[in-house]
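Worksheet: one structure, shown below.
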Amino acid sequence: MIDYAHFTPISALIGGSLIGISSVILLLVNGRVSGISGITNQLFNWPSLKTLWAWLFLVGLLLGSWFSFKALSLQAPDIDTSWLLIITSGLLVGFGSKLGSGCTSGHGVCGIGRFSIRSIAATVTFLTTGAISLFLLAFFTQ
């Protein structure tokens with residue numbers, strides 16, 4: 001459970017800055033936007049030198065998370081739902097990302113940083129529907 005009462009803005013600032021810096025580096029070095037769903041979609045193509053960057057990016061993302069998890073001695077979160085629901089949710093998010101021509105990381109981090117009107121509209125839509133979904137879930141589960 002996330003302890004929202006003890007929010008640490010310094011670590012959030014550092015984490016957000018690292019995400020922004022890595023996104024700029026990927027764009028400058030490779031000419032690619034660091035949208036995770038688009039990068040993951042590259043993995044469904046036949047492995048080649050052209051898709052090597054996507055494999056390296058995702059392996060680095062997973063290893064970086066794992067090392068941070070271990071270095072900070074964090075506890076694994078308790079997930080009290082079925083694997084079927086988790087997999088179904090992931091597939092629906094992937095479908096929505098493909099339908100929306102990108103995900104929150106691609107539109108929100110990279111698109112807004114490039115002042116893309118389409119990405120700003122997409123991010124506002126993501127956040128609005130997320131807030132509405134949370135409200136409805138809280139309302140109907142009381």
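Heads up: numbering here begins at 1 and tracks the sequence.
Hydrophobic clustering, with ILVMFWY side chains joined whenever heavy atoms are under 4.5 angstrom apart, keeps Leu49 apart from Trp55. No chain of hydrophobic side-chain contacts below 4.5 Å, direct or via other Ile, Leu, Val, Met, Phe, Trp or Tyr residues, connects Ile117 to Ile112. If you chain together hydrophobic residues whose side chains sit under 4.5 Å apart, Ile10 and Leu18 fall into the same group. A single hydrophobic cluster is seen to contain both Phe139 and Ile132, as judged by linkage of ILVMFWY side chains at heavy-atom distances under 4.5 Å, directly or through other members. Under the 4.5 Å side-chain heavy-atom criterion for grouping Ile, Leu, Val, Met, Phe, Trp and Tyr, Ile79 is connected to Trp83 within one hydrophobic cluster.
Looking at His107 and Ser116, their side chains never come closer than 4.5 Å, going by heavy atoms from C-beta outward. Put simply, the side chain of Thr40 reaches to within 4.5 Å of the side chain of Leu58, judged on heavy atoms. Between Val109 and Val33 there is no side-chain heavy-atom pair separated by less than 4.5 Å. Side-chain contact check for Val59 versus Leu62: every heavy-atom pair is 4.5 Å or farther apart.
Note: Ile86 CD1 to Leu91 CG = 12.0 Å, rounded to the nearest 0.5 Å.
Across all non-hydrogen atoms, the minimal contact from Gly35 to Ser105 is CA-OG, 3.5 Å. Of all non-hydrogen atoms in Leu137 and Thr141, the two that sit nearest each other are O-OG1, 2.6 Å. Heavy atoms only, all atoms of each residue included: Gln42 and Ala54 are closest at CB-CB, 3.7 Å.
Without hydrogens or angle criteria, Ser97 side chain to Cys103 main chain gives no donor-acceptor distance under 3.5 Å. Under a 3.5 Å cut-off, the side chain of Thr128 and the backbone N or O of Thr125 do not form any donor-acceptor pair.
The number of heavy atoms from other shown groups lying within 6.0 Å of CZ (Phe95) does not exceed 12.
The aromatic rings of Phe57 and Trp53 lie perpendicular to each other, with more than 60° between the two planes, well past the 30° mark.
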Exercise for review: Check the pair Ile36, Leu61 against side chain to side chain contact (heavy atoms under 4.5 Å, CB included), reporting the backbone distance first and the verdict last.
Suggested key: CA-CA 10 Å; Ile36 304 306; Leu61 185 68; 4.1 Å; yes
